[in-house]
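A short write-up of the structure that comes next.
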Amino acid sequence: MENSLLIVHHDTGIAIVQFNRPEVLNALNMALMAELVDTLEALDKDDDVRCIVLTGNEKAFAAGADIKEMAGATAIDMLHRDQFARWDRIRKVKTPIIAAVSGFALGGGCELMMTCDMVVASETTRIGQPEINIGVMPGAGGTQRLTRAVGKVKAMEMVLTGSMITADEALQWGLVNRVVPVEVFLDEAKALAREIASKPPVAVRLAKEAVLRSFDTTIEGGLEFERKNFYMLFASEDQKEGMQAFVEKRKAEWKGR
Ligand code: HXC
């Protein structure tokens, strides 16, 4: 499947979704975001896709929302566009999403990266929330997800100065899972995606859901939610198969049921 704003490749068990606006460092205009959300939702319904990799190119994951598209907008235009409502739908995708990041991940690009479940970054990655430099502030989760990921003082510095951090800083701060040479960042992300795709799919989905729930609830509510998902997995054929295979010292064969 190929079109102007996104390129989608299927590989065994995984799908790779690549932004295709290299001439503007993959600036996230509304058309691209609409296509992205529709694509992610369609992949989420495809049983053959067990993990999604979201990527840009070596130079940019995405340099933010499209500034030229927003520049002349009034507050009421922004209210009517309600473009960030679309971003909420990404959070509801049940299939794990790995961001494969290189070069700039700025503003909305950083926010999109943080909406993904895991991040593989190249050594050339530069991450920031530079909105302050153009008279605004993060609008798609930057003040919330960044603060939860790196803590108040670091988030405050990034949001109030707009300065970028390096891949190594992002690793130390817990914003990315691993940093690898630029030549292999996509391959590494695909390898991680394949590993997840090899796991029992129902357990993967319910586990992802439970981890994400920790952001929205108290510890008590989260533990309750986790427990229900854990019990529910005992209704799956994969639980019977997984435990039986362990007992019989053989490799489990997952059915996704
Ligand atoms: C529109 C963008 C863009 C963006 C880059 N371009 N970022 N266009 N929106 N966010 C375009 C440039 O205008 C230019 O087009 C081309 O991409 C190459 O960019 P250059 O600036 O020439 O490249 P370089 O000198 O290497 O500088 C790279 C850069 C810089 C440091 C990343 O482009 C930059 O500061 N970009 C803006 C980053 C930013 O402020 N992001 C936050 C946006 S607000 P032309 O036509 O001139 O060749 C945001 C709000 C979030 O994200 C709200 C939720 C979505």
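Quick caveat, the model's predicted, so the values are computed rather than measured. What you see below is based on every heavy atom in this structure, not just the backbone, and it leaves out hydrogens, waters and symmetry mates. Positions are given from 1, in the same order as the sequence printed here. Note that ligands are numbered from 1 as they come in the structure, with each ligand's atoms numbered from 1 the same way.
- Screening residues 49-69 for side chain to side chain donor-acceptor pair (under 3.5 Å), with sequence neighbours left out, gives Arg21-Asp66.
- Relative to the six-membered ring of Phe225, Arg213 meets both conditions, a distance below 6.0 Å and an angle of at most 45° to the axis.
- For Lys199 and Trp254, the positive end is not near the middle of the six-membered ring at less than 6.0 Å and at most 45° from its axis.
- Sorted by first and then second residue, the side chain to side chain donor-acceptor pair (under 3.5 Å) pairs involving residues 182-198 (not counting sequence neighbours) are Asp11-Arg194.
- Remark: the Thr125 side chain and the Ser102 side chain contain no N/O donor-acceptor pair separated by less than 3.5 Å.
- Evaluation of the ring pair (Phe, Tyr, Trp, His ring centres under 6.0 Å) rule for Phe215 yields no partner, not counting sequence neighbours.
- Among protein residues, Glu23, Val24, Leu25, Ala27, Ala63, Gly64, Ala65, Asp66, Ile67, Lys68, Met70, Phe84, Trp87, Phe104, Leu106, Gly107, Gly108, Glu111, Pro130, Glu131, Ile134, Gly139, Ala140 come within 4.0 Å of ligand 1, judged on heavy atoms.
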